[in-house]
Amino acid sequence: MTTLIDRYVYTVLRRVPEQQRTDIERELRASIDDAVEARVGAGDASDAATEQTLLELGDPDRLADGYAERPQYLIGPEFYPTWTRLTRTLLLTVLPIVVTVIVVVGVLEEGATFGSVLGSAIGSALTVAAHMVFWTTGVIWLLERTGSAAGPVLGRRPWTPADLPKYEPGRITAVELVGTLLWPVLVIVGLVLQQFTFTDVPVLDPANWTFWWPYFIGVMILEVGYGIWLFRGQAWNHTVTAVNAAIGVLFAAPLVWLVTTDRFFNPQFLAGLHWGDVDPDRWLTFGTLAATVIGTVWGVIDVALRAERARRGRPGQVPGTAPMI
Amino acid sequence: MTMDATLSSHLQELRRGTVVVASLTVLRTPGYGYSLLETLSAAGFEVEANTLYPLLRRLETQGLLTSSWNTDEARPRKFYRTTEQGDAIAGALRDEWSRLDHAVAGLDTPTGTTTGSDQ
C-alpha cells in the first residue's frame, strides 16, 4: 500500500528531471521523516504529524518546480516587450492586410455572395489572429526556455539613448517603412500566387509573363529600394515626392493600358465567372481602373502632403497619439 | 491591495536574499536539510521548507555548498557544507548587509547630520 508520504514524494518526482530523482527522493524522504519525528516527539499523533508536515511542504508541483528550477511563467520580463511589440504589429498591421487579401480573393471566387464573403472574412480573421498570437507566444516561450543565448537571434542588443525615435518633423518612422515595404511584397507574392492558387485558372492573363508581370515585379523591387532609401536618413521632401510619383506612374500607366486593352485579366478566368445580370468583365475592368487611379493619386498626394508638412516644420505625428489635422 | 498585503509583499521582498546568507553562514559546520530549517527558525529566520530544500540544491550547483551522504545512522541524510567560495560570498553578503543597515539607520536619524542639507 502506498502511504501519504509515498504519494507526496512520487508526485514531486514526477515533475523532476530523471537523473536527479534518486537523490531528491532520498533527501526529501529523510527531511519529511525528520519533521514527522519531531512532531511526534512533541506529542502529535503519527497521522496528524504526517499530514501537518506535508501541508507545510505545500503543493508538490510547486516544490518540483523549485527543484527543477523551472520558470513559473510563460513569458518573463526579458521577452515581454518583444512579445507585445510583435503581437501588436501582427494584429494591427499584418492581420488587416491578410484579411483584405482574403476578401478580394473571395470576391473573385465563382458564385461569391455578400454573405459568403463576409463569413469567410470573419472566419479567417479569427483563425489568422489565433495563429499569429499562438505562434508568437510559442516562439518566445521557446526563447525564454533556451536561455538568453538565443537573444541575439531577435536582434536584441542593449538599449542606448540613440535608439529613441526622433520625433522630428519629416523623419520617416519604422512604422512608415513597414507600410512602404508591405505593399510591394504583397503585390509580388499576390502576382506569383494567383498563377497557381486562389482559383482554378489564373486570375491574370498568363500571356503577360513574357514581359509585363516580370516588369511589375521589377517596379515593386524598385519600390522596396525606394522604401529603404527613404528610411536611411531620408526625410519627406520634394525629391521624395518626385521619386514616389515616378514609381507610381511606372506602375499605374502600364496597368491602366493593360486593363483598357483587355490584356490584364485571364479571358479563361472571366469566362468562368457568372454574376447573373452583371457583366464581370465590365465591373472588374472598372473596379481595377478606379482602384489603380485612386490608389496612385492618393499615394502621390499623401507623400506630397507629408513633404509639405515637413517643409513647414509641422511636427510629425507621435505614434500612438491622435493624428494631426 | 490592503495595507497588510502591501506590507507582507514588501517584507517578503526584503527577506528574499537573507536565507542565502544565513544558510551559507550556518553550514560552515555541516548540516542536513531539516536541521538547518530548525536552526534558522530558532534564530528568527522565517523560511519555509519548500523554499529551503530547493535552495540548498541550487547553492550546491553554484559551487557554494558541497554535499555528502552520511549513512552512519539509521536514516541516511544528505549533509551540506559551505565551500571556500561559499564562505567568501557569504562574507561579502554580510558586509553588504551591515553597510545597508548603517545606511538605513543614517537616513532614519531625525536631524540630518549626515546629509548636506541647506540648514
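Values below: every heavy atom of this structure, side chains too, minus hydrogens, waters and symmetry copies.
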Hey, are the side chains of B:Tyr53 and A:Ile24 touching, using non-hydrogen atoms and a 4.5 Å cut-off?
no
Go through A:Ala35, A:Gly66, A:Gly58 and name the one with the most non-hydrogen pairs under 4.5 angstrom from chain B.
A:Ala35
For atom CZ of B:Arg81, decide whether the heavy atoms of other residues, nucleotides or ligands shown that lie under 6.0 angstrom number more than 12.
no
Tell me whether the count of non-hydrogen atoms from other residues, nucleotides or ligands lying under 6.0 Å of CD in A:Gln19 goes above 12.
yes
Take a 6.0 Å sphere around CZ of B:Arg75 and say whether it holds more than 12 heavy atoms from other residues, nucleotides or ligands.
yes
Exercise: identify the closest heavy-atom pair between B:Asn50 and A:Glu56:
ND2-O, 4.1 Å
Around A:Glu25, counting heavy atoms of other residues, nucleotides and ligands shown, do more than 12 lie under 6.0 Å from its CD?
yes
B:Trp69 and A:Arg26: CA distance, side-chain angles, deciding distance, side chain to side chain contact (heavy atoms under 4.5 Å, CB included) verdict
CA-CA 10 Å; B:Trp69 280 92; A:Arg26 278 175 88 190; 3.2 Å; yes
Quick one: are B:Tyr34 and A:Ile32 in side-chain contact, heavy atoms under 4.5 Å?
no
Answer yes or no: are there more than 12 heavy-atom neighbours, outside B:Asp95 itself, under 6.0 Å from its atom CG?
yes
Using non-hydrogen atoms and a 4.5 Å limit, figure out which bit of B:Arg57 sits close to chain A: side chain, backbone, both or neither.
side chain
Once rounded to the nearest 0.5 Å, what's the spacing between atom CD of B:Glu60 and atom CG of A:Asp23?
7.5 Å
Heavy-atom distances under 4.5 Å only: say whether B:Thr61 touches chain A with side chain, backbone, both or neither.
side chain
More than 12 heavy atoms from other groups under 6.0 Å of CZ on B:Arg58
yes
Heavy atoms of B:Pro76 and A:Ala30 approach each other most closely as O-CB, 3.6 Å
Can you confirm whether more than 12 heavy atoms, excluding those of B:Gln62, are under 6.0 Å from its CD atom?
yes
Any ion pair linking A:Glu27 and B:Arg77 (charged N to carboxylate O, less than 4.0 Å)?
no
